[in-house]
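Before any comments, here is the structure.
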Amino acid sequence: MKYQYKKIEKKWQKKWEDAQIFKASDDFTKKKFYGLVEFPYPSGAGMHVGHIKAYTGLEVVSRKRRMQGYNVLFPIGFDAFGLPAENYAIKTKTHPRVITDQNIHHFSEQLKSVGYSFDWSRVVDTTDEDFYRWTQWIFLKMFEHGLVFRDKALVNYCPSCKVVLSNEDSQGGKCDICHSDVIQKSKDVWYLRITQYADKLLEGLETVDYPPNIKLQQQNWIGRSTGAFVDFAIDGIDEKLEIYTTRPDTLFGVTFMVIAPEHPLIDKYADKIGNLDEIKAYRAECAKKSEFERTQLVKDKTGVKIDGLTAVNPVNGVKIPIFIADYVMMGYGTGAIMAVPAHDQRDFEFATKFGIDIIEVIKGGDITKEAYTGDGEMINSGYLNGYTNKKDSIARMIRELEARGIGRAGVQYKMKDWAFNRQRYWGEPIPIIHCPKCGMVPVPYEELPLKLPEVENFEPGTDGESPLAKLDYFVHCTCPKCGGAAKRETDTMPQWAGSSWYFLRYIDPHNTEALADRKKMEYWMPVDWYNGGMEHVTRHMIYSRFWHRFLYDIGVVNTPEPYAKRSAQGLVLGPDGDKMSKSKGNVVDPLDIVDDYGADTLRTYVMFMGDYGAAAPWNDNSVKGCKRFLERVAGLTDLMTKDATPELETKLHKTIKKVSSDIEDMKFNTAIASMMALLNDIYDNGKISEEYLATYLKLLCPFAPHLCEEMWESMGREGFISLAEWPEYDEAKTVDQTVEIGVQVNGKLRGTVAVPTGCDKETAFETAKANEKVVPFLEGKTLVKEIYVPNKIVNFVVR
RNA sequence: GCGGGUAUGGUGGAAUAGGCAGACACAAGAGACUUAAAAUCUCUCGGGGGCGACCCCGUGCCGGUUCAAGUCCGGCUACCCGCACCA
């Protein structure tokens, strides 16, 4: 058969769609497989080859599972709220709804042209009112359960445009639009109390099947640390300064304290501070610093000593100075630290610069040069002297602190509460009403969805407000509680909202009573296998695990964890080995490949290009190689015979075994390599039986389904090969009669011999010793040891 | 700085569990077919040496364990990706 991809791909895509063969059924008696890929943001640029690699992996797994008789749910949708559509709307004066619909349509056509076996009857769109109704519903449930609060946050703000900017739009501390300096502005924003779920999110990791590096990344992101809170008295004032430390056992080495520039202590005791002007100036300087300067520029420690406030070390009564410095953050711990310069490098640098005492309390380092953070014997530390084990000394100190009521064991997380807001139009409106009498009042559930109002102008509002704030008819409303005049919240939700629960909606996408039917969730959840990019392993996955765990706790969903298994594909790099980017001009458009080589070639190539989890550069020549492979597969119809071809039996069974397990292990490259090797063997053999060819095509079908369907049909087979039964192998038929084993003398390979598979060692040694290439190396030597690894190797150790 | 990952021919990459390094492709070279080119088919293809059967070296670097190391252990180097003054 000649390989005419243009003709056959359109033909089979239409047949699949007409027959709806990839529709998941809600037949709860069947074994199920829920395969999930990260739904795309439907950008105007269309699909990227990265999407192809991400989707084809689970596509292959899903197709195989379907052939194995599973009821497969392999859905797709669109994460369509977000800035690009909004910016484009501003530029072209078109409604983002229109743009989004166009992009979704375009994207869908592109996805269909690759032949994915998605269930198109379950498409979700996060910007659809029927979808975001439930996003708002979950938000209100969280509000009800005290997980939503408002607090101040520093936001990127452009004073010239009077607009809040995202990190992306304020890179390098300059406004992307007018290029003036971006400042940090304090603003009241919405937060979700994700830190309350930190321990549950950590515990949940023990029950799921994620690769160890992904688990570790999530653990580090949550960043649990144990230590102690300690109260330091302030001399002459009835006030405690509370700090957090992971090393309470170093308390005797404390020589000063540092508080964050924003710490409330300053304002509270402003009248006691002698150098208030200097401190205020330092504070202002810190506020001006952008995120970029704070984190990217390695710099000297700066700070100012607070005159008039002195702290007292609670363990020895020593009076110590208090500084403010920007190396201490308000957002972690209590915003204040006890400084132990002998054993913390940052404190050491600060003490050196400001000429503060350095007291050694742990032996083992040279504290005149740098801080010593290792283990060692405790000294200069009263009752802790002589301790050599960190764990013991910390435990003892915590006991002392608790007995005296000046400290307690504590836990801290690096993870911060989730700032949950955007001052933009194209997002889910936050369904809260501000009533002057009742405070924050939720929009009643029956009024959901709280729809985005129609507006003409999507430009952000002034002074950091959302565009919605300009709409009087939207803002002014009555309080659902007291009926008085009230104002609506005008912030919208961030991008991450819809993607935090979208996988639940696929289960029951048209339900009007609930986010999904309970019975259906009990059948389909959890997601059996979730594939996506490494970049979403922390934020998106942690956010969605948090939402899901919350929904579990309030009885809405049936599993504590949403994803039973997670995998991640590696990046597709440009042909030059660099990350693909428009500015570098190394972007490959997958649709060009579909046009020039066909969807089957594209699919096969992205699966063949290398280790699925690793980054790999694009190679046009290698694409051609995959096309050549498929052409040779098409040519097999000319080698097909009615006769049996037993000479291919072992090779075929080996290949079934290899392809079956490789797909499960996501070793797609070696699965394809083994099919190529078998193809070479078939050509060498000159013929293949009809039966064996049918089996071969079934193995290839998940990768190149259009070609396999066409050949299946031309062979006169019934139905779709996509629904045919996945081949089984016979273990006994995967072993050869004889096997070539290596013969080593003193560990060096000297020859190979053929022996019966699994033969005993006497036979192996005898055969090996008789080998003419081995003989010269044994002659005149004393045989010290003989090693035999069945079916692998013989090694003679001689002297 | 902290955490994670990677390193194998000219290239992408193979190598259950410590057991014949380089599967499968790509590129390159030679040949066949062709008026010619493309396509296709056949052969060569890690480096060095030898007329030759063959021999020596070789998985980022240094050392170790072992009959045997790409694989295990100790110590480096380079690059990539997260997080980043986390007390």
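The basis for the numbers below is simple: all heavy atoms, side chains too, and nothing from hydrogens, waters or symmetry mates. In the text below, chain A, chain B and the rest are named by the order of the sequence lines, each starting its count at 1. Nothing here was measured: the structure is a model prediction, and the numbers come from that model.
Using a 4.0 Å heavy-atom distance criterion, Gly223(A) is classed as making no nucleic acid contact. No engagement by Asp347(A) is indicated, since no non-hydrogen atom pair under 4.0 Å with the nucleic acid exists. Glu740(A) comes within contact range of at least one nucleobase, with a heavy-atom separation under 4.0 Å. Using a 4.0 Å heavy-atom distance criterion, Val328(A) is classed as a base contact. Residue Ala615(A) is in sugar-phosphate contact alone, with no base atom involved, counting any heavy-atom pair closer than 4.0 Å across all strands shown. Nucleic acid contact for Arg224(A): none, since no nucleic acid atom lies under 4.0 Å from a heavy atom of the residue. At the heavy-atom level, Phe348(A) lies nowhere under 4.0 Å from the strands shown.
Comparing A84(B) with A23(B), their P atoms are spaced 44 Å from each other, to the whole Å. Nucleotides C72(B) and C67(B) are separated by 16 Å at their C1' atoms, to the nearest Å. As rounded to the nearest Å, U71(B) and G64(B) have P atoms that lie 14 Å from one another. To the nearest whole angstrom, the two C1' atoms, one in A38(B) and one in C51(B), are 40 Å apart. Look at the P atom in both C43(B) and G4(B): the space between them is 49 Å, to the nearest Å. Across C57(B) and C2(B), the matching C1' atoms stand 41 Å from one another, rounded to whole Å. Nucleotides G74(B) and G5(B), compared at atom P, are 14 Å apart to the nearest Å. Between G75(B) and A21(B), the two P atoms lie 29 Å apart (nearest whole Å).
Checking C24(B), G13(B), G4(B) against every side-chain atom of Ala616(A), the shortest atom distance belongs to G13(B). When the nucleotides C67(B), G4(B), A23(B) are ranked by their closest atom to the side chain of Ala673(A), A23(B) comes out on top. In this structure, the nucleotide among C24(B), C67(B), C86(B) sitting nearest to the side chain of Ile787(A) is C67(B). With distances taken from any side-chain atom of Thr245(A) to the nucleotides A25(B), A87(B), G19(B), the minimum falls on A87(B). The nucleotide whose nearest atom lies closest to any side-chain atom of Lys792(A) is, among U16(B), A25(B), G13(B), U16(B). Side-chain atoms of Phe608(A) lie closest to C24(B) of the nucleotides A21(B), C24(B), C86(B). Of the candidates G19(B), C41(B), C24(B), G19(B) carries the atom nearest the Asn795(A) side chain, counting heavy atoms from C-beta on. Residue Met676(A) has its side chain nearest to C24(B) when only A87(B), C24(B), C83(B) are considered. Of the candidates A87(B), G4(B), G13(B), G13(B) carries the atom nearest the Pro617(A) side chain, counting heavy atoms from C-beta on.
Counting to the nearest Å, the P atom of U40(B) and the NZ atom of Lys2(A) are 12 Å from each other. Straight-line distance from the CE atom of Met534(A) to the C1' atom of U6(B): 13 Å, rounded to whole Å. Between Leu749(A) atom CG and G22(B) atom P there is a gap of 10 Å when expressed in whole angstrom units. Across the protein-nucleic acid pair, Asp681(A) atom CG and A23(B) atom C1' stand 12 Å apart, rounded to whole Å. Distance CG (Asp620(A)) to C1' (A27(B)): 13 Å, rounded to an integer number of Å. In this structure, CH2 of Trp618(A) is placed 19 Å from P of A25(B), rounded to the nearest angstrom. One atom, CZ of Phe629(A), and another, C1' of A39(B), lie 19 Å apart when rounded to the nearest Å. Distance, Met675(A) CE to A25(B) P: 12 Å, rounded to whole Å.
A cation-pi geometry, defined here as NZ or CZ lying under 6.0 Å from the six-membered ring centre and within 45° of its normal, does not hold between Arg566(A) and Tyr210(A). A cation-pi geometry, defined here as NZ or CZ lying under 6.0 Å from the six-membered ring centre and within 45° of its normal, holds between Lys301(A) and Tyr327(A).
The aromatic rings of Tyr605(A) and Trp618(A) sit perpendicular to each other, their planes meeting at more than 60°, with 30° as the lower class boundary. Between His540(A) and His536(A), the ring planes are perpendicular. Angles over 60° get that label, and only those under 30° would be called parallel.
Counting only distance, with no hydrogens or angles, the side chain of Thr734(A) and the backbone of Glu731(A) share a donor-acceptor pair below 3.5 Å.
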Next on the checklist: One pair to check against side chain to side chain contact (heavy atoms under 4.5 Å, CB included): Ile214(A) and Met534(A). What are the steps and the verdict?
Outcome noted: CA-CA 8 Å; Ile214(A) 292 182; Met534(A) 272 317 277; 4.1 Å; yes
Next on the checklist: With side chain to side chain donor-acceptor pair (under 3.5 Å) as the criterion, how do Asp199(A) and Tyr413(A) come out once you've worked through the C-alpha distance, each side chain's angles and the decisive distance to 0.1 Å?
Outcome noted: CA-CA 9 Å; Asp199(A) 279 328; Tyr413(A) 302 93; 2.7 Å; yes
Item to check | From CA spacing to verdict: side chain to side chain contact (heavy atoms under 4.5 Å, CB included), Phe629(A), Leu700(A) | outcome: CA-CA 11 Å; Phe629(A) 164 60; Leu700(A) 183 62; 4.0 Å; yes
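For the pair Arg628(A) and U40(B), the criterion of a side-chain N or O lying under 4.0 Å from OP1 or OP2 is met. OP1 or OP2 of A14(B) lies within a sub-4.0 Å distance of a side-chain N or O belonging to Asn669(A). In this structure, Lys773(A) reaches the C54(B) phosphate: one of its side-chain N or O atoms is under 4.0 Å from OP1 or OP2. Taking 4.0 angstrom as the limit, Lys667(A) places a side-chain polar atom (N or O) nearer than this to OP1 or OP2 of A15(B). Remark: Tyr332(A) is in phosphate contact with A87(B), judged by side-chain N or O atoms under 4.0 Å from OP1 or OP2. OP1 or OP2 of C67(B) has not a single side-chain nitrogen or oxygen of Arg799(A) nearer than 4.0 Å. Between Lys627(A) and U40(B) there is no side-chain N or O to OP1 or OP2 distance below 4.0 Å.
When both pairing distances are held under 3.5 Å, A28(B) makes a Watson-Crick or G-U pair with U44(B). In this structure U34(B) sits in no base pair that meets the Watson-Crick or G-U test at under 3.5 Å. C86(B) makes up no base pair with any nucleotide shown, lacking Watson-Crick or G-U wobble contacts both under 3.5 Å. The partner of C72(B) is G64(B), judged by Watson-Crick or G-U wobble contacts that both fall below 3.5 Å. Across all strands shown, A15(B) forms no Watson-Crick or G-U wobble pair with both distances under 3.5 Å.
Below the 3.5 angstrom threshold, one finds no donor paired with an acceptor across the side chain of Asn621(A) and the base of C26(B).
Less than 6.0 angstrom separates the ring centroid of Phe354(A) from the ring centroid of Phe323(A).
Between Ser660(A) and the choices Ile663(A), Ile656(A), Asp662(A), the side-chain contact (heavy atoms from CB on, under 4.5 Å) rule is met once, by Ile656(A).
Nearest-nucleotide assignment on RNA chain B puts the 5′-proximal partner with Asn220(A), out of Asn220(A) and Gln744(A). Mapping Ser674(A) and Lys748(A) onto RNA chain B via the closest heavy atom, the residue that lands nearer the 5' end is Ser674(A).
Glycosidic conformation at G50(B) (O4'-C1'-N9-C4 for purines, O4'-C1'-N1-C2 for pyrimidines): anti, more than 90° from 0.
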